[in-house]
Visitor: 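Pasting a structure here, questions to come.
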Amino acid sequence: MKFVPLSRIILLELKRNGYNILTSKNTVDDENPTWYPLTVPDVDDYLLHLDCSGSIVPMEEQALLVIDDALANIDEEQLLGEVFLEIDHLGELEDKIQFYGKQYKFISNPEYYVFSFDPKRVLIRNYALRTGNHLLYLAYIGVNYPTHIIDEMRDLEDLTRSLICLDQEQAREWFNKHDVTMVQSDIAIYDKDAILTIFLLGTDQQITIPLDEKDELVYNLMETEDLLQLRDLFWIDPRIN
């Protein structure tokens, strides 16, 4: 549990976890409001109820932010204040590293892995993109792959700005608009946190250690129609080369 600066990444993460409104005890005039995430069945009904009940008083109006509206209409530099989060991102990352480590043995045999196929690197990069904690990933790259740090820093900043989080219908429309029929995940495609990229022929990854016929947990491929049946929200890297 902690307070973190409000940002687009935080809004996307809150949306992924089912929140749709940020409420505050501060007024709309406060330059550093404290936000608390809330889930309501219907946003329009909630706002109408506040209006009709007199909860919204002129000149003393409490700050309130609809997450979808903020993502669509508010620039990063206009997002003010801090949000109270109960999500333990770092704990989730540690659990995933241990789980993937048993599958790939990268903890005991790091010499088998290279930059292009390092499951631990992929996990930490995924964490960095979704939480905005770039320092952890760049520290890992600096120690293990120092020749890649400049390119990774640029890529991380670029994707953080363009990363999108869509609901099922929005994702279907986006896939159809861009004629996307196949996507590739970074971490396991069944994981709710997987970031999807547009699959291009010839970009398949290689692994250098046998897995004893176990299923891969990184760089999974799936047709979009099948994927759309798996979850309600989708993290997508929209960059199409």
Visitor: For a quick test of reading the model, state the closest non-hydrogen atom pair linking D30 to N26 and the distance between them.
Guide: OD2-CB, 2.9 Å

Visitor: Could you check V43, L14, I67, D68 and say which one makes a side-chain contact (heavy atoms from CB on, under 4.5 Å) with I21?
Guide: V43

Visitor: Check whether the ring centres of Y219 and F117 lie less than 6.0 Å apart, and answer yes or no.
Guide: yes

Visitor: Check whether any side-chain heavy atom of L65 lies under 4.5 Å from a side-chain heavy atom of I74, and answer yes or no.
Guide: yes

Visitor: Around atom CD of Q78, are there more than 12 heavy atoms from other residues, nucleotides or ligands closer than 6.0 Å?
Guide: yes

Visitor: Determine the interplanar angle of the Y36 and F3 rings, folded into 0 to 90°, and report it as parallel if under 30°, tilted if 30 to 60°, perpendicular if over 60°.
Guide: perpendicular

Visitor: Do K192 and L233 come close enough that some side-chain heavy atom pair is under 4.5 Å?
Guide: no

Visitor: Does any N or O in the side chain of D191 come within less than 3.5 Å of the main-chain N or O of D193, such that one atom is a donor and the other an acceptor?
Guide: yes

Visitor: Does R121 use its side chain to pair, donor to acceptor, with the backbone of F115 at less than 3.5 Å?
Guide: yes

Visitor: Closer than 4.0 angstrom, basic N to acidic O: yes or no for D186 and R130?
Guide: no

Visitor: Side-chain contact test, heavy atoms from C-beta onward, threshold under 4.5 Å: evaluate it for L227 versus L196 and give yes or no.
Guide: yes

Visitor: Answer with yes or no whether the side chains of T27 and D29 bring together a donor and an acceptor at under 3.5 Å.
Guide: no

Visitor: Hey, are Y190 and R231 close enough side-chain-wise for a donor-acceptor pair under 3.5 Å?
Guide: no

Visitor: For D232, does the CG atom have more than 12 heavy-atom neighbours from other residues, nucleotides or ligands under 6.0 Å away?
Guide: no

Visitor: Any idea how F106 and Y104 line up, ring-wise: parallel (<30°), tilted (30 to 60°), or perpendicular (>60°)?
Guide: parallel

Visitor: Identify which one of I10, N20, L71 satisfies the side-chain contact (heavy atoms from CB on, under 4.5 Å) criterion when paired with K15.
Guide: L71

Visitor: Just by distance, with hydrogens left out, do Y145 and D118 show a side-chain donor and acceptor under 3.5 Å apart?
Guide: yes

Visitor: Would you say E76 has more than 12 foreign heavy atoms packed within less than 6.0 Å of its CD?
Guide: yes

